Undergrad: 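Mind looking over this structure? Questions follow.
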Amino acid sequence: MQYHLNLAHLYGDLLNTYSDIGNILVLKYYAKQMDTDIDVQIVSLDDDFDPDKFDFALFGGGQDYEQTIVSKDLPNKAAAIKKFINDDKPMLAVCGGYQLLGQYYIGADGKKIPGVGALPHRTETQINNRFIGNIRIKNEETGEEYHGFENHNGVTFLGEGERPLGKVIEGHGNNGQDGSEGAIYKNVFGTYFHGPVLARNGNLAKRFLLLALKKKYPDADFSQQEALEIKPTY
């Protein structure tokens with residue numbers, strides 16, 4: 001059977017600094033091996049976001065300037081984004097997208113950028129410091145390790161109902177204090193991994209795709225897709 005998924009690339013024309021196109025290419029690569037094709041649509045400023053139209057979403061990252069522009073449009077999409085998340089549909093949010101899903105983000109200039117408030121975390125700023133370098137984490141639910149590169153001034157603190165994407169083995173993570181990196185909330189995956197994250201972590205791409213497939217096709221047998229072997233690419 002051939003499956004089909006619709007992917008919303010939120011603000012993909014503005015927030016595409018951290019290899020979001022690469023993440024989409026990786027998703028299409030593994031989806032093909034899982035008998036699935038993907039249609040991608042950019043949902044940008046002033047566009048309507050219909051949460052019932054899409055099966056999963058990618059919310060990428062950018063600089064403070066682009067995030068400020070996006071933050072002004074987010075109230076128009078807030079209800080739709082919250083419905084999408086509360087319907088347990090999968091979303092991958094990278095860096096700026098991860099920050100903007102939360103309550104607020106303090107930029108490098110000290111200005112407070114409001115988030116959509118869909119997730120309970122908040123992001124503060126560091127003075128004259130950035131977290132830069134290779135990072136390795138372990139997801140406590142699956143035992144999988146994820147490898148990546150971080151480069152962020154923001155320090156994020158998780159809120160009620162959120163759990164880390166992984167515990168830091170090497171690197172700084174969300175805030176350099178509590179050993180957490182990223183966040184999982186329902187079927188949302190937030191992370192500071194750049195690179196793109198899915199190119200180095202095919203196991204996470206597979207997990208993401210399976211969530212979307214099982215949500216859309218609840219009666220299908222995905223044992224073959226679950227058995228797909230993902231070889232390390234780091």
Side-chain angles (χ1 to χ4, degrees), residues 7-24 40-51 54 56-86 91-132 135 148-159 162 165 172-177 180-183 185 188-197:
L7 172 66
H9 191 184
L10 297 175
Y11 305 102
D13 55 338
L14 292 170
L15 300 180
N16 192 23
T17 302
Y18 302 119
S19 303
D20 293 337
I21 296 300
N23 282 324
I24 291 172
V40 181
Q41 180 179 332
I42 292 177
V43 180
S44 192
L45 302 176
D46 301 322
D47 292 339
D48 289 331
F49 174 47
D50 183 351
F54 298 98
F56 59 153
L58 176 64
F59 195 170
Q63 305 300 319
D64 285 0
Y65 175 72
E66 288 85 3
Q67 286 183 242
T68 301
I69 294 173
V70 168
S71 73
K72 295 177 182 177
D73 184 72
L74 279 176
N76 302 323
K77 297 181 177 60
I81 290 174
K82 290 175 182 178
K83 183 180 186 301
F84 187 91
I85 292 171
N86 288 326
M91 180 183 293
L92 175 64
V94 180
C95 199
Y98 170 33
Q99 293 169 343
L100 287 172
L101 282 180
Q103 302 300 305
Y104 63 82
Y105 163 54
I106 305 297
D109 60 1
K111 293 183 179 179
K112 188 174 185 178
I113 302 172
V116 73
L119 273 62
H121 61 260
R122 70 187 198 280
T123 302
E124 309 289 345
T125 192
Q126 301 182 76
I127 305 300
N128 298 322
N129 188 53
R130 295 184 68 87
F131 291 149
I132 303 175
I135 181 168
F149 184 84
E150 60 182 342
N151 182 352
H152 56 105
N153 170 261
V155 285
T156 297
F157 299 90
L158 302 187
E162 289 182 297
L165 177 61
H172 301 282
N174 283 327
N175 50 57
Q177 300 174 34
S180 69
E181 201 294 314
Y185 181 87
V188 178
F189 297 81
T191 184
Y192 277 115
F193 279 31
H194 299 170
V197 56

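Because the structure is predicted, anything quoted here is derived from the model rather than measured. In this chain, residues are counted from 1 in sequence order.
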Undergrad: Kindly compute the distance separating CG (Asn128) from CG (Asn153), expressed to the nearest 0.5 Å.
TA: 9.0 Å

Undergrad: For the pair Leu101 and Ile81, evaluate side chain to side chain contact (heavy atoms under 4.5 Å, CB included) and give the outcome as yes or no after the intermediate values.
TA: CA-CA 9 Å; Leu101 282 180; Ile81 290 174; 4.1 Å; yes

Undergrad: Under the ring-ring contact (aromatic ring centres under 6.0 Å, His included) test, which residues partner Tyr185, sequence neighbours left out?
TA: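 Expected list: none.
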
Undergrad: Please tabulate, for the side chains in residues 106-113, all donor-acceptor contacts under 3.5 angstrom to protein atoms that are two or more places apart in sequence or on a different chain.
TA:
from   : atom 1 : to     : atom 2 : distance (Å)
Asp109 : OD1    : Lys111 : N      : 3.0

Undergrad: Please report whether the ring centroid of Phe49 lies less than 6.0 Å from that of Phe84.
TA: yes

Undergrad: With the side chain counted from C-beta on, respond yes when Gln177 and Val155 share a heavy-atom pair under 4.5 Å apart, and no when they do not.
TA: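 The answer is no, as the side chains (C-beta and beyond) never meet within the 4.5 Å cut-off.
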
Undergrad: Partners of Lys72 by side chain to side chain donor-acceptor pair (under 3.5 Å), sequence neighbours excluded?
TA: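 In terms of side chain to side chain donor-acceptor pair (under 3.5 Å), with neighbours along the sequence ignored, Lys72 is linked to no residue.
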
Undergrad: Does Gly96 offer a backbone N or O that forms a donor-acceptor pair with the side chain of His152 under 3.5 Å?
TA: no

Undergrad: Search all heavy atoms of Pro196 against all heavy atoms of Asn23 and return the closest pair with its distance.
TA: CB-OD1, 3.0 Å

Undergrad: Run the salt bridge (Lys or Arg N to Asp or Glu O under 4.0 Å) test against Asp73 and tell me which residues pass, sequence neighbours left out.
TA: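 By the salt bridge (Lys or Arg N to Asp or Glu O under 4.0 Å) rule, Asp73 matches Lys77.
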
Undergrad: Where do Leu14 and Ser44 come nearest, in terms of heavy atoms and distance?
TA: CD1-OG, 4.3 Å

Undergrad: State, with a plain yes or no, whether a side-chain heavy atom of Tyr11 is found less than 4.5 Å away from one of Leu45.
TA: yes

Undergrad: Under 4.5 Å between any side-chain heavy atoms of Asn151 and Tyr192, yes or no?
TA: no

Undergrad: Testing Thr156, Thr123, Asn174 for side-chain hydrogen bond (donor to acceptor under 3.5 Å, both in side chains) with Tyr98, which one passes?
TA: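 The single option meeting the side-chain hydrogen bond (donor to acceptor under 3.5 Å, both in side chains) with Tyr98 is Asn174.
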
Undergrad: How many angstroms lie between atom CD of Gln99 and atom CD of Glu124, to the nearest 0.5 angstrom?
TA: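 Spacing of CD (Gln99) from CD (Glu124) equals 11.0 Å.
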
Undergrad: What are the two closest heavy atoms between Glu162 and Leu119, and how far apart are they?
TA: OE2-CD2, 3.5 Å

Undergrad: State, to 0.1 Å, how close Gly173 and Glu150 come at their nearest heavy-atom pair, and which atoms those are.
TA: N-OE1, 3.1 Å

Undergrad: Return the set of residues passing side chain to side chain donor-acceptor pair (under 3.5 Å) with Gln126 (not counting sequence neighbours), or none when no residue passes.
TA: Asn129

Undergrad: Among residues at least two apart in sequence or on other chains, which ones pass ring-ring contact (aromatic ring centres under 6.0 Å, His included) with His9?
TA: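 So His9 forms no ring-ring contact (aromatic ring centres under 6.0 Å, His included) with any residue.
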
Undergrad: Please check this pair: side chain of Gln41 against backbone of Leu7, looking for a donor-acceptor N/O pair closer than 3.5 Å.
TA: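 Flag not set: sc Gln41 to bb Leu7 has no pair under 3.5 Å.
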
Undergrad: Less than 4.5 Å apart, any side-chain heavy atom of Ile135 and any of Phe193?
TA: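 Yes. Closest side-chain heavy atoms under 4.5 Å.
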
Undergrad: Gly117 and Lys82: which non-hydrogen atoms are nearest, and at how many Å?
TA: O-CE, 3.8 Å

Undergrad: Please lay out, stage by stage, how Tyr105 and Thr125 fare under the test side chain to side chain contact (heavy atoms under 4.5 Å, CB included).
TA: CA-CA 8 Å; Tyr105 163 54; Thr125 192; 6.0 Å; no

Undergrad: Check whether any side-chain heavy atom of Leu58 sits under 4.5 Å from a side-chain heavy atom of Val40, and report yes or no.
TA: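 A side-chain contact under 4.5 Å is absent here.
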
Undergrad: Which atom pair, heavy atoms only, marks the closest approach of Glu181 to Thr191?
TA: OE1-OG1, 3.0 Å

